[in-house]
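Residue numbers start from 1 in every chain, and the chains themselves are labelled A, B, ... in the order their sequence lines are given, proteins ahead of strands. All heavy atoms count here, side chains included; hydrogens, waters and symmetry mates do not.
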4 protein chains.
Amino acid sequence: MPLSANQIENMKAKRNKILEQAIILFSEHGYNDTTISKVAKASGISFGSVFTYFKNKEELFHHAVVDHLQELSPLLMDFNPDAQNSYKELEAMIDKHIRLFASVGTYLRLVTQVIGQPKRFERQFKKLDQFHYTFRSKIAALVEHGQRSGQLHSGIDPVTSSIAYTSFLMGIRLNLTDQPENNIWSDLAPVAMQLFGPKLP
Amino acid sequence: MPLSANQIENMKAKRNKILEQAIILFSEHGYNDTTISKVAKASGISFGSVFTYFKNKEELFHHAVVDHLQELSPLLMDFNPDAQNSYKELEAMIDKHIRLFASVGTYLRLVTQVIGQPKRFERQFKKLDQFHYTFRSKIAALVEHGQRSGQLHSGIDPVTSSIAYTSFLMGIRLNLTDQPENNIWSDLAPVAMQLFGPKLP
Amino acid sequence: MPLSANQIENMKAKRNKILEQAIILFSEHGYNDTTISKVAKASGISFGSVFTYFKNKEELFHHAVVDHLQELSPLLMDFNPDAQNSYKELEAMIDKHIRLFASVGTYLRLVTQVIGQPKRFERQFKKLDQFHYTFRSKIAALVEHGQRSGQLHSGIDPVTSSIAYTSFLMGIRLNLTDQPENNIWSDLAPVAMQLFGPKLP
Amino acid sequence: MPLSANQIENMKAKRNKILEQAIILFSEHGYNDTTISKVAKASGISFGSVFTYFKNKEELFHHAVVDHLQELSPLLMDFNPDAQNSYKELEAMIDKHIRLFASVGTYLRLVTQVIGQPKRFERQFKKLDQFHYTFRSKIAALVEHGQRSGQLHSGIDPVTSSIAYTSFLMGIRLNLTDQPENNIWSDLAPVAMQLFGPKLP
DNA sequence: CATGAATGAGTATTCATTCAT
DNA sequence: AATGAATGAATACTCATTCAT
């Protein structure tokens with residue numbers, strides 16, 4: 001008996017619910033201290049059912065790390081490296097990134113754990129590293145463009161500055177809390193811009 | 001009959017050996033996957049003896065995180081916020097910091113774990129946070145000096161840029177591997193300098 | 001899908017099996033020398049399953065001490081303090097008690113351990129102490145009745161003699177072995193009766 | 001170099017100090033929960049020195065149980081089975097015993113532990129059982145004397161009543177606390193006398 | 001003899017995974 | 001598919017005993 005569309009929908013919803021809670025718990029308590037039992041409870045799903053959706057804990061962790069990246073990726077990559085006005089494009093990009101990094105603290109703390117222990121979370125690390133590579137490459141392209149068009153100083157290697165920039169983003173995410181009153185986030189955009197050697201207008 | 005000076009020396013050496021190996025293992029495998037047994041083996045010390053030096057695993061972790069900070073602290077704070085030539089002082093400081101961050105990757109990955117899960121490692125986090133505060137305050141003082149003396153642009157709040165800078169340091173430490181051939185480290189110094197809004201000479 | 005009635009029955013049986021073996025082992029080897037592993041083996045149940053039924057060793061011990069008391073209680077309290085013929089009622093009661101104490105040696109040795117270390121087994125001790133209080137109070141009531149009706153000498157305070165009696169019961173249980181050929185038990189009934197100051201018929 | 005008399009004295013004192021504290025700790029916390037380390041601390045003696053006086057924990061426990069019995073024994077046996085007035089002799093004996101049992105609660109709780117687990121503490125149990133045998137035999141002799149001289153009823157077997165009596169003593173020791181205000185102890189003497197079937201004067 | 005560090009065997013407890021219902 | 005009981009491997013920690021100083 002094939003599953004009805006309704007059932008399929010229902011199962012997708014359950015899977016997402018599990019993943020959502022898994023991200024929260026893994027993020028806050030780490031891999032080992034997040035037990036399947038706790039995830040099940042938080043998701044309002046029976047203990048045994050978690051294994052219906054994810055064959056084991058490692059799989060659950062993997063998807064918690066990787067699946068969400070698919071959603072985030074287009075948001076992070078939403079800028080045009082060939083934009084006429086590289087300067088403005090950079091500014092707009094930085095603004096978006098900082099807003100985004102400020103808002104997805106939970107997930108990014110999970111990412112941090114993976115990056116911080118690349119050997120331990122090898123499979124997840126590779127996925128993130130791949131993404132990081134395409135991400136900063138696209139940024140580097142924009143920077144190179146800006147340098148050619150004379151809007152950015154040329155002294156800095158574009159790849160270096162793109163690495164500096166993504167590191168900066170991860171660094172502030174690591175260092176700053178989620179306190180909403182913490183409005184230092186918005187002040188950081190112009191500082192981030194400095195990394196690309198902007199020429200004064 | 002109290003312990004002989006020789007014995008005391010011996011014990012100190014053992015304690016340090018344990019701590020040293022604990023940093024390596026905690027850094028690479030995280031808190032839970034680092035077992036006391038592994039630490040003991042790596043230190044060439046019997047299992048039970050670890051408990052002679054640290055009353056439990058939590059305590060061992062705490063000292064692994066905190067004790068080493070005492071050694072690192074003077075190196076990180078080795079700059080003069082009241083230096084005549086703020087610009088040169090900043091450059092020298094950045095250079096030292098980057099070299100240092102490049103060389104103590106293992107320990108800093110451990111620090112990263114603590115910062116990434118502040119609730120889980122509350123006690124350790126507080127200690128690190130305290131240090132971070134004094135660290136960036138001293139940097140901010142240097143920046144303020146530089147702005148007053150006109151060597152740095154005044155558009156950026158010194159505290160903000162000091163936070164941006166320490167975040168940047170942590171971020172590159174997180175993102176870069178320890179491959180010795182990885183000589184991007186040295187290229188990052190001038191990019192870091194940008195964060196403080198240097199006036200072109 | 002809730003558990004079937006059959007499963008529930010099965011689990012109750014397992015729980016009882018564990019408790020039964022726990023009583024035997026705790027009684028014979030004491031709290032510390034009775035390991036969960038031994039209890040599991042004796043019960044024919046896997047090691048981990050013991051924790052399905054009792055959240056920890058302390059809990060297992062507690063139930064081993066306290067649950068069985070519920071079964072014993074009605075047997076010990078099976079006499080009528082308001083009986084017309086207090087003398088005969090006392091005799092019948094003593095007879096029952098002595099038979100009972102002779103037959104439940106294992107459990108009572110466990111009780112002895114708790115009473116002997118009231119601070120160590122505080123929670124269990126309180127439960128037993130409560131029972132002891134109601135138990136001897138009911139005996140005291142019977143004695144008082146017997147004194148009023150002139151069947152017992154009045155020189156002895158009923159509460160004192162009830163305490164003397166329960167102490168006597170525990171004492172013989174402590175001093176005598178379970179050797180079946182040990183038929184001193186039956187001879188003790190008339191001696192016990194003396195504690196209540198019976199008037200010669 | 002032979003030890004000076006002073007040193008020997010000193011060592012005896014230390015040994016006694018250890019034993020004294022061991023009785024207290026074993027009595028209150030049981031065998032397993034009493035660690036050598038705790039005994040050492042309580043005795044004001046170094047951890048290692050305990051092993052100078054007792055070759056292992058079992059030995060320490062053994063002496064804690066057995067040595068003190070030597071001191072107690074003459075006090076318990078201090079009555080004359082051939083006394084002219086058996087009745088008075090019994091009364092005096094009971095009085096002494098009850099006072100003694102009331103005052104040495106700590107040690108007797110230790111004894112209780114041994115008797116309650118005869119298999120576990122086999123060696124100690126045997127010693128105590130031996131003593132018990134001679135103790136109740138002497139009492140039985142006094143009772144027999146009393147029966148022959150007509151001061152006690154003859155219905156009860158002297159051995160049975162002596163066992164009843166020693167059981168009673170252990171039972172009240174087990175059941176009653178050491179609260180000094182607990183003056184039920186003194187009321188128990190006449191009740192105990194009943195066990196021997198006294199003829200009314 | 002006195003001291004206390006070194007050792008490792010022993011144990012309670014947790015938890016991912018399996019599987020019967 | 002859903003449930004939750006059953007299992008046992010893994011691990012922190014304790015403590016008697018040994019032994020070097």
Taking [atom1] from [X] and [atom2] from [N], how many angstroms apart are they, rounded to a whole number?
X	N	atom1	atom2	result
D/I36	E/dG4	CD1	P	16 Å
C/F47	F/dT11	CZ	P	14 Å
B/F51	F/dC15	CZ	P	12 Å
A/N32	E/dA16	CG	P	8 Å
B/M11	F/dT21	CE	P	14 Å
B/Q7	E/dA2	CD	P	18 Å
A/R15	F/dA1	CZ	P	14 Å
C/K55	E/dA12	NZ	P	16 Å

Could you check which of F/dA12, E/dG4, F/dA1 has an atom nearest any side-chain atom of D/S46?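 Comparing F/dA12, E/dG4, F/dA1 against the side chain of D/S46, the answer is E/dG4.
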Start with the C-alpha gap between B/Q117 and A/Q113, add the side-chain angles, then the distance that decides, and say whether side chain to side chain contact (heavy atoms under 4.5 Å, CB included) holds. CA-CA 9 Å; B/Q117 288 172 270; A/Q113 288 177 40; 3.5 Å; yes
At 4.0 Å (heavy atoms only), tell me whether [X] reaches a base, stays on the sugar-phosphate, or touches nothing.
X	result
A/F54	nothing
B/K14	sugar-phosphate
B/N6	nothing
C/S49	base

Short side-chain to backbone donor-acceptor contact, D/T112 and D/L108, under 3.5 Å: yes
Less than 4.0 angstrom between a side-chain N/O of C/Y53 and OP1 or OP2 of F/dA6, yes or no?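 Yes, C/Y53 has a side-chain N/O under 4.0 Å of OP1/OP2 on F/dA6.
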Evaluate A/E28 against B/K119 for side chain to side chain contact (heavy atoms under 4.5 Å, CB included), listing each step before the verdict. CA-CA 7 Å; A/E28 190 156 324; B/K119 278 181 202 155; 3.5 Å; yes
Do D/F54 and D/R15 make a side-chain contact, defined as non-hydrogen atoms from C-beta onward lying under 4.5 Å apart?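 Side chain of D/F54 against side chain of D/R15, heavy atoms only: contact under 4.5 Å found.
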Anything below 3.5 Å on both distances counts as a pair; with that, list the stems of at least three consecutive Watson-Crick or G-U pairs involving DNA chain E.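 The stems that DNA chain E takes part in, listed by first number, are E:2-21 with F:2-21.
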First of A/T35 and C/K38 reached from the 5' end of DNA chain E, by closest nucleotide: C/K38
Is the terminal nitrogen or CZ of D/K57 (NZ for Lys, CZ for Arg) located under 6.0 angstrom from the six-membered ring centre of D/Y31 and within 45° of that ring's axis? yes
